[in-house]
A.B. asks: 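Okay, here's the structure, questions in a sec.
In what follows, every chain begins at residue 1, and chains take the letters A, B, ... in the order their sequences are listed.
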Amino acid sequence: MHRHQNHLTQSFYERSAERVAKDLIGCLLERTLEDGTRLAGYIAETEAYVGPEDRASHAFGGHRSQRNESMWAPPGTVYVYFTYGMHHCLNVSCLRQDHPAAVLIRAVFPILGLKTMRTLRTKRPRKHALKDRHLCDGPGKLCQAFAIDRSLDGVNLLQSSQIAIRQGVAIKGGEIQCTPRIGIGTAGDWVGKPLRWVTRVDPR
DNA sequence: GCTGTGATCGCCT
DNA sequence: GGCGATCACAGCA
């Protein structure tokens, strides 16, 4: 195995989804495409899906299937799911193997490969040109911009040549807001829990 | 900036 | 058959 400098460590991911989600803010998401093109951005928004007790989680009640198997995988495993019939979303498993906890990466500030990202985000004709700040400002958008789909599901972030997360820029605690998660409709008590972390500080 | 709505399909009942 | 861990667009402020 090739260990890269600045890679987040295994122990970084061997923590609760809450801790991992908050600490991923400001880290660098990197992607290398088949043709060698490199894409990167600083993580700006995350959500924690804490475990089988979390009604909003795909693994609620211990539900385990082919779709969400990566949530149960060793910490640092990529979980990509397909939703709304057209979008992919990127997650990282955490805490421990056989416990379904994960962090959803919802947005990044793009810093490398913006031209390629814009092409990937414009497969259908658009009415309005895409501003840089809208390239990766949503979980489905960032998967489009980074060419992330189910083919990356199950890969290990510490070992993959296709995707990695590295130390990035330090964001002060005061610059990170914590709010309820987005798009959680019917999860009882879990709807309002503050499990989303977001910064408006753009380090670019 | 905000709010409402249609698109589109894998997964579950 | 119903519903998403969403997005683009229209209309409005």
Side-chain angles (χ1 to χ4, degrees), chain A residues 13 16-22 24-25 29 41 43-73 77-95 99-110 117-154 157 163 165 177-200 202:
Chain A
Y13 297 108
S16 70
E18 295 98 313
R19 296 283 304 278
V20 173
K22 181 173 183 184
L24 278 175
I25 300 295
L29 175 65
I43 296 174
E45 181 182 348
T46 58
E47 285 178 358
Y49 290 83
V50 304
E53 69 276 26
D54 182 347
R55 294 192 66 107
S57 171
H58 291 162
F60 174 61
H63 174 76
R64 186 169 184 166
S65 65
Q66 272 195 332
R67 182 202 199 201
N68 74 357
E69 182 60 29
S70 294
M71 294 188 79
W72 305 74
T77 300
V78 169
Y79 169 44
V80 179
Y81 67 86
F82 181 65
T83 191
Y84 289 104
M86 55 192 122
H87 298 297
H88 294 275
C89 294
L90 171 67
N91 301 253
V92 185
S93 73
C94 51
L95 198 55
H99 178 95
V103 173
L104 170 66
I105 300 178
R106 293 188 50 90
V108 308
F109 296 115
M117 291 182 188
R118 184 166 279 100
T119 303
L120 288 163
R121 288 271 285 116
T122 316
K123 290 195 172 147
R124 302 175 177 240
R126 284 181 170 282
K127 192 89 178 183
H128 305 289
L130 266 173
K131 309 268 189 202
D132 289 358
R133 70 176 182 282
H134 293 310
L135 280 174
C136 313
D137 64 340
K141 298 182 192 180
L142 95 80
C143 282
Q144 254 185 302
F146 279 71
I148 291 167
D149 62 21
R150 284 281 287 173
S151 69
L152 286 181
D153 182 65
L157 277 174
I163 188 168
I165 299 179
Q177 288 83 263
C178 186
T179 80
R181 293 173 292 185
I182 304 295
I184 309 298
T186 54
D189 302 348
W190 290 85
V191 172
K193 289 188 189 292
L195 292 170
R196 169 178 176 256
W197 286 265
V198 58
T199 185
R200 291 184 304 210
D202 185 343

A.B. asks: Does Glu47(A) reach the main-chain N or O of Ile182(A) with its side chain, forming a donor-acceptor pair under 3.5 Å?
C.D. replies: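 Yes, the answer is positive, given that a donor and an acceptor are paired below the 3.5 Å cut-off.
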A.B. asks: Return the minimal non-hydrogen interatomic distance between Phe60(A) and Pro52(A), and the atom names on each side.
C.D. replies: CD1-O, 3.2 Å
A.B. asks: Check the distance between dC11(B)'s P and Asp153(A)'s CG and give it to me in whole angstrom.
C.D. replies: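 Whole-Å distance recorded here is 11 Å.
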A.B. asks: Please state how far atom CG in Leu142(A) lies from atom P in dT6(C), giving the value in whole angstrom units.
C.D. replies: 12 Å
A.B. asks: Under 4.0 Å, counting only non-hydrogen atoms across every strand here, what does Ile184(A) touch: a base, just sugar-phosphate, or nothing?
C.D. replies: sugar-phosphate
A.B. asks: What would the secondary structure line of DNA chain C be in dot-bracket form, counting Watson-Crick and G-U wobble pairs under 3.5 Å, with [ ] for pairs that cross earlier ones and | for pairs with another strand?
C.D. replies: ||||.|||||||.
A.B. asks: Starting at the 5' end of DNA chain B and moving along, which residue's nearest nucleotide shows up first, His87(A) or Arg150(A)?
C.D. replies: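 It is His87(A), whose closest nucleotide lies nearer the 5' terminus.
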A.B. asks: Could you tell me whether the side chain of Arg150(A) and the main chain of Arg67(A) form a donor-acceptor pair under 3.5 Å?
C.D. replies: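 Answer holds: yes.
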A.B. asks: Check whether Asn68(A) reaches the backbone of His58(A) with its side chain - one donor and one acceptor, N or O, closer than 3.5 Å.
C.D. replies: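 Yes; at least one donor-acceptor contact below 3.5 Å.
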A.B. asks: Taking Arg121(A) for its side chain and His134(A) for its backbone only, find out whether a donor-acceptor pair lies under 3.5 Å.
C.D. replies: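 Yes; at least one donor-acceptor contact below 3.5 Å.
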A.B. asks: Can any side-chain N or O of Trp197(A) pair as donor or acceptor with the backbone N or O of Glu18(A) at less than 3.5 Å?
C.D. replies: no
A.B. asks: On the side chain of Tyr84(A), is there an atom forming a donor-acceptor pair with the base of dA7(B) - under 3.5 Å, no angle test?
C.D. replies: no
A.B. asks: Which letter, B, S or -, goes with each nucleotide of nucleotides 8-13 of chain C from 5' to 3', with contact meaning a protein heavy atom under 4.0 Å?
C.D. replies: SSS---
A.B. asks: Taking the basic N atoms (NZ, or NE/NH1/NH2) and the acidic carboxylate oxygens, is any pair closer than 4.0 Å for Asp137(A) and Arg133(A)?
C.D. replies: no
A.B. asks: Atom CG of Asp149(A) to atom C1' of dT6(C): distance rounded to whole Å?
C.D. replies: 17 Å
A.B. asks: Ignoring backbone atoms, establish whether Ser65(A) has a side-chain N or O less than 4.0 Å from OP1 or OP2 of dC12(B).
C.D. replies: yes
A.B. asks: Using a cut-off of 4.0 Å on non-hydrogen atoms, how would the nucleic acid contact of Phe82(A) be classed: base, sugar-phosphate, or nothing?
C.D. replies: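 The residue Phe82(A) makes sugar-phosphate contact but no base contact.
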A.B. asks: Rounded to the nearest Å, what distance is computed from the CD atom of residue Glu47(A) to the C1' atom of nucleotide dG4(C)?
C.D. replies: 14 Å
A.B. asks: Can you work out whether Gly185(A) or Gly140(A) has the more 5'-proximal nearest nucleotide on DNA chain C?
C.D. replies: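 This one resolves to Gly185(A).
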A.B. asks: To the nearest angstrom, how far is Tyr79(A) atom OH from dA5(C) atom C1'?
C.D. replies: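 In whole Å, dA5(C) C1' lies 9 Å from Tyr79(A) OH.
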A.B. asks: Picking from Val92(A), Val80(A), Leu90(A), what satisfies side chain to side chain contact (heavy atoms under 4.5 Å, CB included) with Ile163(A)?
C.D. replies: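 With Ile163(A) as partner, side chain to side chain contact (heavy atoms under 4.5 Å, CB included) holds for just one option, Leu90(A).
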A.B. asks: How many Å lie between NE2 on His58(A) and C1' on dT6(C), as a whole number?
C.D. replies: 12 Å
A.B. asks: Evaluate Leu142(A) against Glu45(A) for side-chain contact (heavy atoms from CB on, under 4.5 Å), listing each step before the verdict.
C.D. replies: CA-CA 11 Å; Leu142(A) 95 80; Glu45(A) 181 182 348; over 6 Å; no
A.B. asks: Write down the distance between CZ (Arg55(A)) and C1' (dC3(C)), rounded to a whole number of angstrom.
C.D. replies: 15 Å
A.B. asks: Could you state the atom-to-atom distance from NE2 of His88(A) to P of dC7(C) in whole Å?
C.D. replies: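 Rounded to the whole Å, the gap is 13 Å.
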